[in-house]
Amino acid sequence: MPSKETNVQENSKESSSEMEIDACTLKAMSSSPSEKIHLRPMTLFDIDDFMVWATDINVTRFCTWEPYTSREAGIAFINNFVLPHPWLRAICLDDDRAIGSISVTPVDNIRGEIGYVIGSKYWGKGIATEAVRLVGEEIFKEKPEMERLEALVDVDNVGSQKVLEKVGFVREGVMRKFMCLKGNVRDMVMFSLLPSDSLL
């Protein structure tokens with residue numbers, strides 16, 4: 001999915017967590033979300049789970065892409081975008097079932113843009129917040145050249161803004177008339193996290 005995919009709603013309180021990293025899999029060892037999660041590379045075997053959230057109009061409301069209407073299109077997306085992506089992970093429950101995805105897309109040599117999407121069934125459970133925290137904890141170690149992790153969120157996407165703020169991203173301001181989203185010119189809120197910032 002394109003990086004502008006921060007479309008979630010979160011309302012639960014969070015506590016700090018301990019992280020484990022094993023190869024490309026990040027695990028949250030915390031009881032703060034109602035479901036424990038881990039991040040792993042997304043594959044074609046995730047197509048059926050992908051179609052659950054990718055066909056949901058509520059999930060895709062603030063995404064740059066429209067809901068998917070066929071499994072074939074979903075397979076093509078995974079083959080053409082997900083698999084070649086430099087850093088994209090499935091957000092998984094304990095049973096390894098993918099319920100969303102999270103990515104860090106290079107902007108330039110020192111900046112990356114975080115984007116995430118999660119099935120609406122799992123909104124309000126602290127899962128997206130924990131996924132973003134996992135990335136914030138490890139991405140600067142994995143990519144030491146990165147000086148800034150940023151997120152652009154639609155001004156009306158309050159749920160996603162809360163996710164970033166809970167993790168410790170700094171709200172830098174509103175970028176007026178910044179991008180065209182599905183035919184409408186939208187104001188976007190810029191958030192950032194630096195290696196020197198503390199996660200909440």
Side-chain angles (χ1 to χ4, degrees), residues 1-11 14 39 42 50 53-69 73 77 80-82 84-89 91 100-120 122-124 127-140 142-143 145-200:
M1 272 150 255
S3 58
K4 314 299 189 304
E5 59 186 10
T6 47
N7 184 40
V8 291
Q9 294 180 5
E10 292 291 333
N11 298 306
E14 305 294 337
L39 309 181
M42 195 170 172
F50 168 81
W53 76 77
T55 57
D56 187 336
I57 60 173
N58 293 314
V59 170
T60 61
R61 177 186 173 193
F62 293 110
C63 297
T64 56
W65 42 279
E66 297 288 353
Y68 279 76
T69 57
F77 173 78
N80 298 331
F81 181 83
V82 172
H85 195 283
W87 205 99
L88 188 149
R89 301 290 185 266
I91 302 171
S101 68
I102 190 164
S103 64
V104 176
T105 302
V107 177
D108 55 28
N109 291 335
I110 62 169
R111 292 184 296 150
E113 182 178 349
I114 190 170
Y116 45 91
V117 62
I118 191 170
S120 57
Y122 300 96
W123 291 357
I127 292 174
T129 304
E130 196 64 24
V132 172
R133 184 178 287 116
L134 279 166
V135 175
E137 176 73 18
E138 296 297 335
I139 196 66
F140 295 116
E142 193 172 322
K143 297 182 177 295
E145 73 280 5
M146 187 178 294
E147 297 288 347
R148 172 186 169 95
L149 181 63
E150 60 189 34
L152 276 169
V153 185
D154 190 283
V155 70
D156 289 336
N157 192 351
V158 177
S160 192
Q161 293 174 44
K162 288 180 178 179
V163 165
L164 295 162
E165 289 169 342
K166 285 178 183 179
V167 174
F169 278 71
V170 174
R171 179 188 175 107
E172 296 184 336
V174 176
M175 314 288 282
R176 298 183 299 165
K177 306 297 183 185
F178 190 76
M179 66 176 292
C180 186
L181 181 65
K182 298 173 181 173
N184 298 307
V185 178
R186 303 293 299 166
D187 294 347
M188 305 294 288
V189 184
M190 176 67 81
F191 289 87
S192 69
L193 183 73
L194 306 183
S196 57
D197 293 338
S198 297
L199 296 175
L200 301 181

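Being a predicted model, the structure only gives us computed values, none of them experimental.
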When rounded to the nearest 0.5 angstrom, what distance separates CD in E150 from CZ in F191?
-> 12.5 Å
How far apart are the closest heavy atoms of L164 and A151, and which atoms are they?
-> CD1-CB, 3.7 Å
Only residue of V104, L193, V167 satisfying side-chain contact (heavy atoms from CB on, under 4.5 Å) with V135 is V104
Side-chain touch K166/L200, heavy atoms, less than 4.5 angstrom = no
Name the orientation class of the two ring planes belonging to F81 and F77 (parallel below 30°, tilted from 30 to 60°, perpendicular beyond 60°).
-> parallel
From N157 CG over to M188 CE, what is the distance, rounded to the nearest 0.5 angstrom?
-> 8.5 Å
So do the side chains of I139 and W87 get within less than 4.5 Å of each other, counting heavy atoms only?
-> yes
Does the side chain of S120 come under 3.5 Å of the side chain of N58 through a donor N or O and an acceptor N or O?
-> no
Can you name the nearest heavy-atom pair linking C63 to K182, along with the distance?
-> O-CE, 3.0 Å
Taken to the nearest 0.5 Å, the spacing of M179 CE from D154 CG works out to 8.5 Å
For residues M42 and S101, report the shortest heavy-atom separation together with the two atoms involved.
-> SD-CB, 4.3 Å
So CE of M175 and CG of D187: to nearest 0.5 Å the spacing works out to 10.5 Å
Heavy atoms of other groups near N109 CG, more than 12 under 6.0 Å | no
Does some side-chain heavy atom of T60 sit less than 4.5 Å from a side-chain heavy atom of Y68?
-> no
When rounded to the nearest 0.5 angstrom, what distance separates CG in D56 from CD1 in I118?
-> 12.0 Å
The single option from V132, T105, L152 that satisfies side-chain contact (heavy atoms from CB on, under 4.5 Å) with I114 is V132
Note, I91 side chain near L39 side chain (heavy atom, < 4.5 Å) | yes
If you measure from NZ on K177 to CZ on R186, what distance do you get to the nearest 0.5 Å?
-> 8.5 Å
Compare every heavy atom of W65 with every heavy atom of A54, then report the nearest pair and how far apart it is.
-> O-CZ3, 3.7 Å
Is the shortest distance from a Lys or Arg side-chain nitrogen in E130 or R133 to a carboxylate oxygen in the other one below 4.0 Å?
-> yes
Side-chain contact, heavy-atom cut-off 4.5 Å: L149 with F169?
-> yes
Is there side-chain contact between F62 and V153, with at least one heavy-atom pair below 4.5 Å?
-> no
